[in-house]
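Here is the naming used below: chain letters follow the sequence lines, and residue numbers restart at 1 for every chain.
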Amino acid sequence: MPNYLVEVIIENKKLAKDPEGETIYRELINKSGYDEILSVRSGKYLRLNVNAQSKNDAEKIVYKMCNDLRIYNPVVHSCKIVAKGNIE
Amino acid sequence: MPNYLVEVIIENKKLAKDPEGETIYRELINKSGYDEILSVRSGKYLRLNVNAQSKNDAEKIVYKMCNDLRIYNPVVHSCKIVAKGNIE
Amino acid sequence: MKINLTSNELNQVKILLGREPNIVELGMIDVMWSEHCSYKSSKLELKKIPTKGRRVIVGPGFDSGIVDLGDGDVVAFKIESHNHPSAIDPYNGAATGIGGIIRDILCTNCRPIALLDSLRFGKLEKGHNRWLFQNVIRGIADYGNCCGIPTVAGEIEFDPSFERNCLVNVACSGIGKKENIVLGKMENPGDILVLLGGSTGRDGIHGVTFASKTIDERSEEDRPSVQVGDPFMKKIVIEATLEALSTRYVRGLKDLGGGGLTCALSEMSDKGGVGAEINIDKIHIREADMAPFELMISESQERMLFVIKPEGLNKILKIFDKWEIKYSIIGKVTNTKKVVVKKDKQIIASLPPKILTEVPPIRRKSRKPNYLKKFPKKFELKQKPKNLSQAIYELLMMPTIASKQYIYQQYDHEVGIRTVIRPGEADAAVLRILGKNKAIAMKTDCNSFHTYLDPYYGHAGAVAESIRNIVVTGAEPIAIADCCNFGNPENPEVFWQFKRSIDGLSYMLNGLDIPCIGGNVSFYNEDERTSTAVKPTIVIAALGLIDDLNHITTLGLKESNQAIIIIGKTYNEIGGSQFSIRFNGIGGKVANAKHDREKASMNAVLSSIRKGYITASHDCSKGGLAIALAKMAINGGFGAIVDIKKIPKTSMNPYELLFSESHGRFIVSSRIEDVGKILKICKDNNASVSLIGKTNDEGTIKFSIGKETIANCEIKKMRKCWKNGIQKYIN
Amino acid sequence: MRAAVIQFPGSNCDYDVLYVLNKQLGIKADLVWHRYFRHNNYDFAILPGGFSYGDYLRAGAIAAQSPAMRELKEMVNEGKAVLGICNGFQILVESGILPGALLMNDCLTFVCKWVTLQVSSNKSSATTLIQKDKILRMPVAHSEGRYVNEKHGIKELYENEQIIFKYVCNSTDDFNPNGSMENIAGICNLERNVVGLMPHPERASESAISPQCSNDGLMIFESMIEYSKK
Ligand SMILES: Nc1ncnc2c1ncn2[C@@H]1O[C@H](COP(=O)(O)OP(=O)(O)O)[C@@H](O)[C@H]1O
Ligand SMILES: [Mg+2]
């Protein structure tokens with residue numbers, strides 16, 4: 001079975017605010033010169049190596065895991081799961 | 001000028017330890033029987049909205065910003081910057 | 001393999017060994033002969049420091065010093081630097097510094113109960129310095145907090161000489177029982193060697209040789225040698241180790257720091273006059289195909305080497321299993337007086353431990369630095385502050401003097417429920433011994449502006465100040481540990497600073513009859529390109545004993561209409577003072593710390609506190625009398641009026657009276673009816689003393705000469721200046 | 001009466017809570033390694049503060065998935081008193097026993113300082129002996145203590161009187177140390193037997209170690225004991 005790289009990205013929902021992203025953004029404005037950057041959101045990133053039949057399967061496994069093990073808290077977080085190509 | 005979504009992923013360098021990823025893997029995922037998941041690396045994620053001429057330009061601006069503001073420390077971190085399609 | 005031995009040293013090795021070392025042996029010797037592990041430049045000088053005292057159980061030479069508190073209680077105490085890693089990765093560098101000092105305490109079978117941090121950075125105006133500052137603090141906080149060890153005190157200075165080389169010194173104390181002390185020794189052939197904790201990887205290679213070099217382009221390649229700390233793993237190591245030690249089957253224990261396994265094996269077998277044999281195939285590793293010499297010198301974090309009685313092995317392994325912590329049984333103690341390393345049953349290294357532990361000292365040249373000739377002997381006020389009130393406000397805003405709340409608020413300073421005096425409440429931290437009416441006081445200090453102008457008296461003063469800081473809380477000083485931070489010792493001017501510093505420190509310790517129970521030397525804190533070295537800095541960590549919790553005294557003024565008393569004489573010593581630096585730059589005559597004066601004032605203060613006569617007390621140091629009193633007012637919320645004419649003194653210049661940083665001085669408050677008693681105690685102790693004013697609730701600190709007011713500062717405004725001094729640079 | 005102080009890898013206020021229960025209050029309390037915890041041996045349980053599993057992923061997230069929490073849920077269902085302090089609160093929230101989330105402090109750093117609390121409700125296992133609206137002094141020490149919940153979640157907390165402690169103004173400084181919604185410092189479950197709070201009552205249980213001689217924290221433990229007598 002091939003191995004897939006699966007990325008999990010957890011961000012705060014709006015109600016939970018994003019103090020870290022906001023701080024980085026404020027720093028940008030303060031230090032100026034970065035007017036091109038219009039917004040910043042911060043999040044947590046996990047990169048998993050998953051053994052699965054297909055990309056789709058890999059995503060499904062990770063999706064189930066993230067919900068079962070509460071990798072994110074649905075009240076305050078959004079969670080994005082993307083399987084990338086397989087790893088040799 | 002179009003706006004681009006730029007993703008920044010900061011991880012500990014490949015050969016550095018990643019206590020967070022290792023602990024999540026060992027204590028949470030592995031103990032719960034998700035044998036298909038072979039490893040976890042953890043990182044920090046930033047999602048920026050950047051106003052630029054091109055995808056390439058957007059990436060360059062963010063790259064410079066990450067270095068200027070020391071969003072990551074090249075001594076221990078690897079930093080991956082990817083501009084995605086433009087945002088309407 | 002990169003070898004740092006000089007060709008001369010290599011020849012010495014061959015002579016001592018009587019043959020060519022093989023590649024594994026060479027790697028082991030190379031790391032042990034580094035400055036960091038061998039103390040080759042410093043050891044002749046360090047011998048001058050007094051180390052004996054009636055409470056000393058273990059002095060320098062082991063992982064940490066240990067002193068006797070009576071009733072079977074002991075304290076382990078140690079200070080260490082982590083400057084070089086912190087300069088390039090402030091977060092992980094500082095974090096792993098905390099990790100290292102905790103292990104030193106842990107391996108004596110004392111539970112680590114308190115951390116202190118002594119920090120030096122360039123000025124906060126510069127982004128790079130702010131980055132270092134914020135991340136060092138975050139690194140210390142994240143690591144110490146997670147391990148459940150409170151960070152209870154420290155100090156910080158800002159000066160351009162620390163810009164490219166920040167100083168990160170950390171101290172730790174631990175509490176244990178005299179009968180349970182374990183040392184870093186192997187004594188009984190047949191005992192089993194078990195390596196516990198983090199797996200061994202390439203991440204920890206050449207940390208030591210790195211710390212023995214200046215930061216220059218070369219660090220580019222060295223960079224991966226900065227390690228990532230794992231405080232969670234450390235917490236497990238702490239608990240598992242203490243539980244294992246409680247079985248009494250552990251006969252020796254050492255943490256793996258600089259020099260890794262090589263250092264632990266050679267020092268432990270040397271101390272016990274035995275040998276050790278290990279099999280490197282057994283070591284649990286992070287990365288496959290590591291070369292044998294790499295395994296022998298790796299400094300991967302969170303590892304401990306246990307020497308275990310064979311009959312207790314199973315019991316101890318069960319404890320490690322309960323904590324789900326990795327370990328490997330790597331070998332045993334032998335009677336060969338050799339450190340033997342095997343791989344696939346083949347001997348790949350066999351060295352007498354002495355060749356690794358007794359590195360020949362180097363006699364370095366020394367020469368009085370040129371810069372010292374440049375400074376005018378006499379201090380002249382070129383630029384006068386607008387008025388004295390304004391000067392006080394401005395000094396309070398200087399980051400070196402300002403409130404350190406931004407720092408210590410990020411540290412858990414209460415976990416363990418021992419902290420009686422928190423940061424900000426007094427000069428030193430006080431932690432009780434649970435279940436007893438006893439406590440220990442601790443503080444780190446050094447005034448690098450003084451030491452730069454006069455390494456001798458500057459460091460005599462560093463000792464005196466750190467001791468005064470614990471005395472004001474009501475503690476009897478019992479020991480110190482020191483952490484030396486200097487530039488390149490191969491530079492005769494730097495070595496001169498080092499020598500003079502050690503002399504001054506020893507002078508004061510001898511005079512006060514206080515032993516030094518451990519220390520650490522960090523050289524090469526120097527920017528090669530500009531050859532600017534850090535200001536000579538030996539940080540003194542002082543330890544004191546309070547034998548009755550009712551005697552603990554804090555710095556805030558407590559009530560209005562109490563007496564303000566100064567103990568100790570004020571001299572014409574404004575050189576290197578914060579006032580001088582703020583308004584005139586550095587130069588002039590530095591405060592000369594004399595042990596007889598210190599002793600007189602300290603004894604007077606301590607007896608007065610123990611008799612219950614003193615309601616608030618503060619050491620008089622950076623910023624002089626004016627700043628000391630200002631801090632007492634800001635903290636307690638009460639004002640005061642002080643007549644500086646009444647100060648015991650040698651000059652009548654108001655600048656000097658308010659801002660001179662003469663040593664041997666304390667400001668205390670007392671109830672009016674106790675003034676006579678305090679004056680008498682001072683007289684009996686030969687200490688200069690004077691009643692100089694009274695507290696009030698007018699919300700100001702007023703200084704006068706007789707009837708004439710020379711400064712009048714609002715507490716509210718002073719508090720604001722003081723609180724914002726550092727905070728204003730954040731965000 | 002027997003209490004369990006549950007120890008996870010990384011707990012670090014475990015001995016402190018134990019000291020208060022055993023030495024100050026004379027209660028039989030055991031330090032119980034999480035894997036050995038069995039709910040029927042105990043009348044009430046405390047999840048102490050610290051950094052279980054290093055706070056990796058999120059504070060309390062990994063401990064929340066451990067088998068010990070299955071045991072604890074049974075204890076909760078039996079109506080026995082459970083108190084989560086700091087990391088203990090985070091674990092209770094992450095395991096879904098208490099609603100909402102505890103996120104990174106607004107200031108993005110760890111904060112250790114004494115705060116002023118108001119007892120918003122005395123109808124909980126941790127406040128039965130305390131007057132409603134009473135002001136308590138206690139320290140906080142955490143980096144993930146910002147209480148967040150959805151609008152209707154907050155509304156429910158109010159409707160059901162589940163907010164037990166709030167940070168209140170004591171004239172100086174910022175009184176809310178982490179940016180919690182509604183200044184929430186502690187809440188209980190619907191059945192009122194489970195309470196979680198960010199401040200550390202065990203650090204405020206002896207006047208000898210409190211800056212203003214406060215031993216307000218003791219009342220929380222005494223309330224739990226009283227509640228468990230029923
Ligand atoms: N780096 C630090 N870490 C922890 N506590 C600190 C640090 N720096 C200063 N402190 C604490 O802040 C308080 C004031 O320190 P400092 O400004 O050096 O005062 P002073 O010079 O008046 O003695 C002390 O309690 C000290 O322990
Ligand atoms: Mg002081």
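Scanning both residues, D/Ile209 and C/Arg422, for their nearest heavy atoms gives O-NH2, 2.8 Å. The nearest pair of heavy atoms linking C/Trp323 to D/Gln7 is CH2-NE2, 3.8 Å.
The closest donor-acceptor contact from the side chain of D/Asn12 to the backbone of C/Asn145 lies under 3.5 Å. Not one N or O on the side chain of C/Asp412 forms a donor-acceptor pair closer than 3.5 Å with the backbone of D/Ala141.
Residue contact with chain D, scored on non-hydrogen atoms closer than 4.5 Å, involves the backbone and the side chain of C/Gln410 alike.
Salt bridge status for C/Glu414 with D/Lys113: absent, with no side-chain N to carboxylate O gap under 4.0 Å.
By the 30° and 60° cut-offs, the orientation of the rings of D/Tyr53 relative to C/Phe232 is tilted.
Contacts of residues 236-246 of chain C with chain D at a heavy-atom distance below 4.5 Å involve C/Ile236, C/Glu239, listed in sequence order.
Expressed to the nearest 0.5 Å, how far CG of D/Asp16 lies from CZ of C/Arg418 amounts to 7.5 Å.
Pairs passing the ring-ring contact (aromatic ring centres under 6.0 Å, His included) check and including a residue from residues 402-438 of chain C, sequence neighbours excluded, read C/Phe133-C/Tyr406.
Summarising the local packing, NZ of C/Lys716 is surrounded by 12 or fewer heavy atoms from other residues, nucleotides or ligands at distances under 6.0 Å.
In this structure the side chain of D/Cys13 reaches within 4.5 angstrom of the side chain of C/Val415, judged on heavy atoms.
Heavy-atom pairs under 4.5 Å with chain D peak, among C/Leu549, C/Val430, C/Asp230, at C/Asp230.
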